[in-house]
Amino acid sequence: MTTPASDPILSLTDTRLTLDGNAGPVDILRGITLSVNRGETLGLIGPSGSGKSSLLMLMGGLERATGGTIRALGQDLTAMDEDALARFRRDHMGVVFQSFHLIPTMTALENVATPLELAGVSDAFDRARAELEAVGLGARTDHYPAQMSGGEQQRVALARASAPRPDILLADEPTGNLDGPNGQAIMDLLFGLRDRHGATLVLVTHAPELANRCDRVIRLRDGLLDRAEAAA
Ligand SMILES: Nc1ncnc2c1ncn2[C@@H]1O[C@H](COP(=O)(O)OP(=O)(O)OP(=O)(O)O)[C@@H](O)[C@H]1O
Ligand SMILES: [Mg+2]
């Protein structure tokens with residue numbers, strides 16, 4: 001399961017996504033070729049509707065490409081069945097969704113601890129509590145998502161995604177709902193994952209202060225990468 005450092009940890013080759021809309025098929029991603037190196041931080045920018053969230057979902061194995069291939073840690077995601085993909089996500093990927101996707105019937109603590117338990121971590125609740133403290137939510141562990149602000153839910157989602165120390169963390173506008181100090185704390189947490197645990201980060205962001213800290217920024221436009229800027 002180890003990949004030499006020079007190998008891309010993620011590589012997409014002519015990856016396409018076409019979905020059925022009400023008025024017929026919609027070409028959402030129209031051939032994306034892109035490599036991300038291990039330990040790299042890639043920023044993904046582009047106008048609303050350009051396909052940023054869709055691309056993240058494909059990279060995370062949460063949506064199936066309708067063309068091309070996606071390889072992650074040397075494995076072909078496009079060839080895996082649902083069970084294999086679910087295991088791969090559990091073992092290697094963390095995803096922070098644009099709309100958080102917290103489980104509404106679970107407290108903040110349970111939301112963060114559950115994936116740790118599923119991964120077999122013995123002190124899952126202690127770890128989860130520490131992760132929530134790291135995002136400034138030590139006083140909100142027993143709150144349900146509906147009892148938290150958007151920015152707080154976002155921080156729980158980030159704690160949940162980062163707690164299992166994923167090889168690859170995909171985050172959709174991770175500082176989008178946060179003000180200065182909280183946004184700074186989230187950035188520190190994201191880059192701490194990279195610096196201390198070697199995580200590879202792919203971040204969708206409109207925030208210049210976050211994009212500026214990325215090793216490389218690529219722009220999507222209408223389902224395509226803007227220029228030949230995708231090669232790592
Ligand atoms: N299930 C779906 N069926 C049909 N079209 C879809 C579906 N999901 C998304 N789309 C379309 O795909 C395009 C890309 O959507 P996506 O959510 O990836 O954009 P985005 O770049 O993340 O935008 P934003 O910055 O607003 O979040 C949009 O035009 C959207 O309307
Ligand atoms: Mg989006």
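When a ligand or atom number is given, it counts from 1 through the structure's own listing order.
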Protein heavy atom at shortest distance from [atom]:
atom: atom 29 (O) of ligand 1; value: Gly49 O, 3.7 Å
atom: atom 25 (O) of ligand 1; value: Lys52 NZ, 2.7 Å
atom: atom 9 (C) of ligand 1; value: Ile28 CD1, 4.1 Å
atom: atom 26 (O) of ligand 1; value: Ser48 OG, 2.5 Å

Please say whether [X] places an N or O atom under 3.5 Å from an N or O atom belonging to ligand 1.
X: Gly21; answer: no
X: Ser50; answer: yes
X: Asp20; answer: no

Residue pair Val96 / Leu170, side-chain heavy-atom distance below 4.5 Å: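 Result no, sub-4.5 Å side-chain heavy-atom pair not found.
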Contact atoms of ligand 1, heavy-atom distance to [X] under 4.0 Å:
X: Pro47; value: 21 (O)
X: Leu19; value: 1 (N), 2 (C), 3 (N), 7 (C)
X: Ser54; value: 14 (C), 15 (O), 16 (P), 18 (O)

Does ligand 1 have an atom that lies less than 4.0 angstrom from a heavy atom of Gly223?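 Under 4.0 Å: no for Gly223.
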Does only the side chain of Gln98 get under 4.0 Å from ligand 1, or the backbone, or both, or neither? Count heavy atoms. side chain
Under-4.0 Å heavy-atom contact between protein and atom 17 (O) of ligand 1: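 Neighbour list for atom 17 (O) of ligand 1 includes protein heavy atoms (cut-off 4.0 Å).
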Side-chain (Thr66) to main-chain (Arg16) donor-acceptor, under 3.5 angstrom: yes
Looking only at heavy atoms, the pair that brings Arg219 and Gly46 closest together is CG-CA, 4.2 Å
Derivation of the side chain to side chain donor-acceptor pair (under 3.5 Å) call for Asp27 and Thr18: CA-CA 4 Å; Asp27 292 327; Thr18 301; 2.9 Å; yes
Distance from Asp167 atom CG to Thr200 atom OG1, nearest 0.5 Å?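 That separation rounds to 7.5 Å.
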Any side-chain donor near an acceptor of the partner, [X] and [Y], under 3.5 Å:
X: Thr107; Y: Asp142; answer: no
X: His143; Y: Thr141; answer: no
X: Gln98; Y: Ser53; answer: yes

Could you list all the salt bridge (Lys or Arg N to Asp or Glu O under 4.0 Å) pairs where at least one residue sits in residues 186-195, not counting sequence neighbours? Asp188-Arg213, Arg194-Asp215
Can you tell me, to 10 degrees, how wide the angle at the Mg ion (ligand 2) is between OE1 on Gln98 and OG on Ser53?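 Between OE1 of Gln98 and OG of Ser53, the angle at the Mg ion (ligand 2) is about 80°.
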